[in-house]
Protein chains: 2
Amino acid sequence: MEDGTVERVRPRDRILETAQDMFHKHGIKGVGIDAITEAAGTNKMTLYRHFDSKDDLIIQCLRATACKAGAMWEKFEVQHPGNKLAQLHAWVRMAADCLTADGRGCDMANAAIELTDTDHPARRVIKELKEAQRDRLVTLCRDAGIGQAELLADTLSLLLEGARVSVQSVGTEGPSAQFVRMAEGLIVSFRGTAAG
Amino acid sequence: MEDGTVERVRPRDRILETAQDMFHKHGIKGVGIDAITEAAGTNKMTLYRHFDSKDDLIIQCLRATACKAGAMWEKFEVQHPGNKLAQLHAWVRMAADCLTADGRGCDMANAAIELTDTDHPARRVIKELKEAQRDRLVTLCRDAGIGQAELLADTLSLLLEGARVSVQSVGTEGPSAQFVRMAEGLIVSFRGTAAG
DNA sequence: CTAGGGTGTTACCGGTCTGTAACGTCATGA
DNA sequence: TCATGACGTTACAGACCGGTAACACCCTAG
């Protein structure tokens with residue numbers, strides 16, 4: 001049978017899933033290849049048959065995580081079809097949920113901080129994915145009828161980025177606790193000054 | 001002569017200074033003890049005579065960095081004595097300078113992201129120092145006559161934190177480029193809604 | 001049945017890491 | 001002069017790291 005849908009999850013997928021989870025929880029430099037393969041129920045050789053190196057694995061993990069995050073946006077469209085303003089508010093709620101539930105920040109931002117070498121191959125991937133993320137939020141703001149869509153999107157981006165970092169340094173009771181109020185206030189404010 | 005002011009910089013201070021710089025540039029896990037001692041022109045034994053462990057060194061570095069940052073606040077008071085609103089604007093300018101000049105974010109935030117173990121001894125120090133930083137900004141906002149001082153201070157904190165992270169993932173041309181406009185806009189907005 | 005590809009196992013390489021032991025050097029101060 | 005203490009040097013321990021080689025296994029497609 002040539003249907004590719006195998007029941008048992010292939011080692012490559014188990015590795016990718018496990019690595020995402022462990023990188024997220026313990027950081028990239030805080031997790032070794034051996035720990036990943038063991039947690040994934042496989043071994044080092046199999047990992048290196050599917051990924052060129054740890055750096056390659058890191059990049060694939062970042063792409064996979066971004067892909068999952070992308071699915072969120074489709075959920076917004078499904079939940080509020082055509083209503084871009086409602087989708088923007090849904091984005092705020094989703095962001096707030098990330099803050100309280102997660103404890104660890106954005107994988108891409110964390111990776112950018114950990115991988116200090118500016119020539120690291122993951123850096124351009126991080127930049128690429130973050131820019132795509134930004135474009136998406138800008139478009140949503142614009143479609144929601146916000147005048148200065150770029151400025152609102154950038155402000156919300158920085159607020160969320162900062163909140164996700166703040167959670168890790170001072171916890172959920174710190175400044176990030178006010179994230180929703182800040183974001184909603186900004187949206188109201190920008191809608192007030194709306195333009196064509 | 002029993003005056004403690006020795007001309008030659010003591011090894012402990014050289015180590016502390018060098019470690020701060022290298023931790024900042026390359027991250028905590030990206031720098032080894034050997035590299036620090038070599039750059040400081042000393043050796044490993046001397047380091048371990050002054051610091052209990054690498055974790056201890058990390059903590060001392062964070063405290064020293066926070067101390068330097070504290071000196072900035074005194075500069076604001078000197079430059080604009082009594083004028084708290086001017087000091088708040090000076091804080092915004094200082095923050096913006098950090099963004100364009102540095103390339104690497106806040107040492108405390110970076111450390112919080114790198115040291116994923118919640119029991120790590122540096123974590124409570126980070127939280128302590130970050131909370132002190134927040135209190136300072138809240139006080140400044142309140143003294144500047146802002147009504148919702150806590151909310152403005154928290155918003156500015158998150159914006160800056162996010163901007164310092166964003167610089168590392170997408171560079172200075174990303175959302176962080178609008179930091180000053182965002183911050184100044186917020187201050188104006190909060191002064192508009194000022195209360196007693 | 002058979003060949004081959006995906007997988008598992010073990011062992012290993014060279015390097016790096018934190019931290020310590022033992023000893024030698026040197027300046028200072030009594 | 002001599003003792004003390006700070007500092008430097010070398011070597012090492014023990015662990016972990018990323019990555020590779022060689023070989024055995026087993027399921028499946030043909």
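Order of the sequence lines sets the chain letters (A, B, ...), proteins ahead of strands, with each chain counted from 1.
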Inter-residue atom distance [X].[atom1] - [Y].[atom2], 0.5 Å rounding:
X	Y	atom1	atom2	value
B:L99	B:L160	CG	CG	6.0 Å
B:Q168	A:I113	CD	CD1	4.5 Å
A:T155	B:M182	OG1	CE	3.5 Å
A:I146	A:L186	CD1	CG	10.0 Å

How close or far is atom [atom2] of [N] from atom [atom1] of [X], stated in whole angstroms?
X	N	atom1	atom2	answer
A:R10	C:dG8	CZ	P	10 Å
A:I58	D:dG18	CD1	C1'	11 Å
B:N43	D:dA11	CG	P	14 Å
A:K44	C:dT10	NZ	C1'	11 Å

Below 4.0 Å: OP1/OP2 of C:dT7 and any side-chain N or O of A:T42: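 Checking C:dT7 against A:T42, no side-chain N or O comes under 4.0 Å of OP1 or OP2.
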>> Under the salt bridge (Lys or Arg N to Asp or Glu O under 4.0 Å) definition, can you give me all pairs with a residue in residues 110-124 of chain A, not counting sequence neighbours?
In response: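 Every candidate salt bridge (Lys or Arg N to Asp or Glu O under 4.0 Å) pair involving residues 110-124 of chain A fails, so no pair, neighbours aside, qualifies.
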Q | Residue pairs passing the salt bridge (Lys or Arg N to Asp or Glu O under 4.0 Å) test where at least one lies in residues 162-171 of chain B, sequence neighbours excluded | A |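 Sorted result for residues 162-171 of chain B: B:D102-B:R164.
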Practice problem: Specify the residues of residues 45-54 of chain B, ordered by number, for which at least one heavy atom lies under 4.0 angstrom from an atom of DNA chain C. | Solution: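 Result for residues 45-54 of chain B: B:M45, B:Y48, B:S53, B:K54, sorted by number.
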task = For DNA chain C, find the residues of residues 14-27 of chain B with a heavy-atom distance under 4.0 Å and give them by number; none if there aren't any.
result =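 Nothing qualifies; none.
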* B:R134 side chain to A:G174 backbone, donor-acceptor under 3.5 Å ->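 Such a contact is absent between B:R134 side chain and A:G174 backbone.
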So does B:G162 get a backbone contact from the side chain of B:S166, meaning a donor-acceptor N/O pair under 3.5 Å?
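No, B:S166 side chain to B:G162 backbone: no donor-acceptor pair under 3.5 Å.
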Tabulate below the donor-acceptor pairs under 3.5 Å that side-chain atoms of residues 46-53 of chain B make, not counting sequence neighbours, or state none.
unit_1	atom_1	unit_2	atom_2	d
B:T46	OG1	B:N43	OD1	3.2
B:S53	OG	B:D55	N	3.4
B:S53	OG	B:D56	N	3.2

Got a sec? Which of residues 28-39 of chain A come in under 4.0 Å of DNA chain D, heavy atoms?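 A:V31, A:G32, A:I33 - these, ordered by number, are the residues of the stretch whose heavy atoms sit under 4.0 Å from the strand.
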- prompt: Does B:H24 reach the side chain of B:Q20, with side-chain heavy atoms less than 4.5 Å apart?
  reply: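 No, side chains not in contact.
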message: For a 4.5 angstrom cut-off between non-hydrogen side-chain atoms, does A:F23 reach A:I58?
response: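 Sidechains of A:I58 and A:F23: in contact.
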